[in-house]
Number of protein chains: 2
Amino acid sequence: MASAADDISERLEAEIVEGVLPPGTRLEEPALAERFGVSRTPVREALQRLSASGLVELKPRRGTQVLNPSIGRIVEMFEVMAELEAVCARLCARRGDPDLFADLRGWLARCAAAADTGDASAYYTANKGFHSAIYRGSGNLFLSQQAELLHLRLTPFRRQQLRLPRRLRQSLAEHGRIVAAIEAGDAAAAEAAQRAHILIQGERFADLLAQHGSGRE
Amino acid sequence: MASAADDISERLEAEIVEGVLPPGTRLEEPALAERFGVSRTPVREALQRLSASGLVELKPRRGTQVLNPSIGRIVEMFEVMAELEAVCARLCARRGDPDLFADLRGWLARCAAAADTGDASAYYTANKGFHSAIYRGSGNLFLSQQAELLHLRLTPFRRQQLRLPRRLRQSLAEHGRIVAAIEAGDAAAAEAAQRAHILIQGERFADLLAQHGSGRE
DNA sequence: CTCGACTTTTGTGTATACACAAGCAATAAT
DNA sequence: ATTATTGCTTGTGTATACACAAAAGTCGAG
């Protein structure tokens, strides 16, 4: 039922997000067509969609490649992400829905379990669930979808961070503060905690790159 | 130099935003192909892009039509727009750049001139410039682009509002308060004023629809 | 007259073929 | 030896053709 273009764009998206296709990789239509056993037509449609969601860059007559934003731009994206999530957290606090509290507590527990065992992969999953719960908890479906989209776009640049065990525990503590503020109905505190929680990731990212001396400017 | 698909998507975008193609209009590929004198291929690419930017809906095997969101969803979009613009205004106030002040004052003057003569079309243009200046003034290019995109998506639903002369003067007054707060470096006031300025549009929109008893739910 | 099954038509999804621009290599001229 | 020009290769942009699903129309049975 899913069209070939859907299928291809999903698989490419996953590979970009997972880092299988690192930023800068050239995506040539004939090669992809052969790989997926289809013609170039659905491949082109898939690339168009990825371009629209901001994962690849599509230069006219010069091919498409996995987007490789500058450090500055990535930091900007993290700043916007921080604001979007801050709004979500504020709205969560304002709603004060007990079901939402239970949901958040559940994800928090999963995060804690993963942090205890130091399982970065499990923490990644639980973390994603936690943030999605906050998006949905805003009660604004459009906002939630925008947040999910930007979260996806940032995933390639966030992966390395959770490898550091200290960051993992720190992240967990921040989650705890966020949930506490939401449960207390303290919108301002929830907003501030969430914003800080995301902003620190942008800073972390810049630190990591400066450290490793990546080839970016 | 611009590809046919670029050209078509731009023209369709303009027509959707201007209301020539009202929400709900079916966009059939063969018809568009004939109209633009090209084959279906570039038409399809153009529709893909419009779908990605959120102006049209592309249902598999069921064609594409100009997006016709529910009232609730449009209100949600206005809420997100309000938050994005609020962030922009806050960042403007924090920067405190005199060049930015001058820019804003310039647009404010153009808005005032248009409001004096009651020229809704001129006010529309000046208003767009004013808001764009605030986006750019945030100093965050990514945020600015996201704001422009959402502004574009909301344009079809904002057109009717400025017809009302009272709303026009009211809008001008709000602009004045925003600029004053930014110039004063009062980030919190700028943020609040900008948020309110946008939110009122969402409410206005809902009012208008309720009044006219549109066919939406 | 109404309802349902069948046929026709319309429109989308995909494949293939051609057109052409950009990059690259080899050769020729200075 | 260096550089400019020309031809070749690669890859994207567009056109056309076919496959098939969904909607629309038609016909017959009750």
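Residue numbers start from 1 in every chain, and the chains themselves are labelled A, B, ... in the order their sequence lines are given, proteins ahead of strands.
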Can you tell me how far [atom2] of [N] sits from [atom1] of [X], to the nearest Å?
X	N	atom1	atom2	value
B:F36	D:dG13	CZ	P	19 Å
A:E45	C:dA15	CD	C1'	13 Å
B:R44	D:dA15	CZ	P	14 Å
B:L32	C:dG11	CG	C1'	12 Å
B:K59	C:dG11	NZ	C1'	15 Å
B:E34	C:dG11	CD	C1'	15 Å
B:Q48	C:dT12	CD	P	12 Å
A:L58	D:dG13	CG	C1'	11 Å

Item checked: Side-chain N or O of B:R61 closer than 4.0 Å to phosphate OP1/OP2 of C:dG11 -> no

Check: Taking OP1 and OP2 of D:dT14, is either one under 4.0 Å from a side-chain nitrogen or oxygen of B:T41?
Finding: no

Which part of the nucleic acid, if any, lies within reach of [X] when heavy atoms closer than 4.0 Å are counted: base, sugar-phosphate only, or nothing?
X	value
A:R62	sugar-phosphate
B:L47	nothing
B:I8	nothing

Check ion pair [X]-[Y] (N to O, under 4.0 angstrom):
X	Y	answer
B:R35	B:E15	yes
B:R195	B:E191	yes
B:R167	B:E174	yes

Next item on the list: Check for a donor-acceptor pair, side chain of A:E76 on one end and backbone N or O of B:F142 on the other, with a separation under 3.5 Å.
Entry: yes

Check: Name the one of A:L32, A:L27, A:L50, A:V43 that satisfies side-chain contact (heavy atoms from CB on, under 4.5 Å) with A:T64?
Finding: A:L27

Check: Quick one: on DNA chain C, does B:E29 or A:V38 contact a more 5' nucleotide (nearest heavy atom)?
Finding: B:E29

Note to self: Can you tell me whether the side chain of B:R40 and the base of C:dG11 have a donor-acceptor pair closer than 3.5 Å?
What the structure shows: no

Note to self: Which nucleotide wins on minimum distance to the side chain of A:E28, given the candidates D:dT12, C:dG13, D:dA15?
What the structure shows: D:dT12

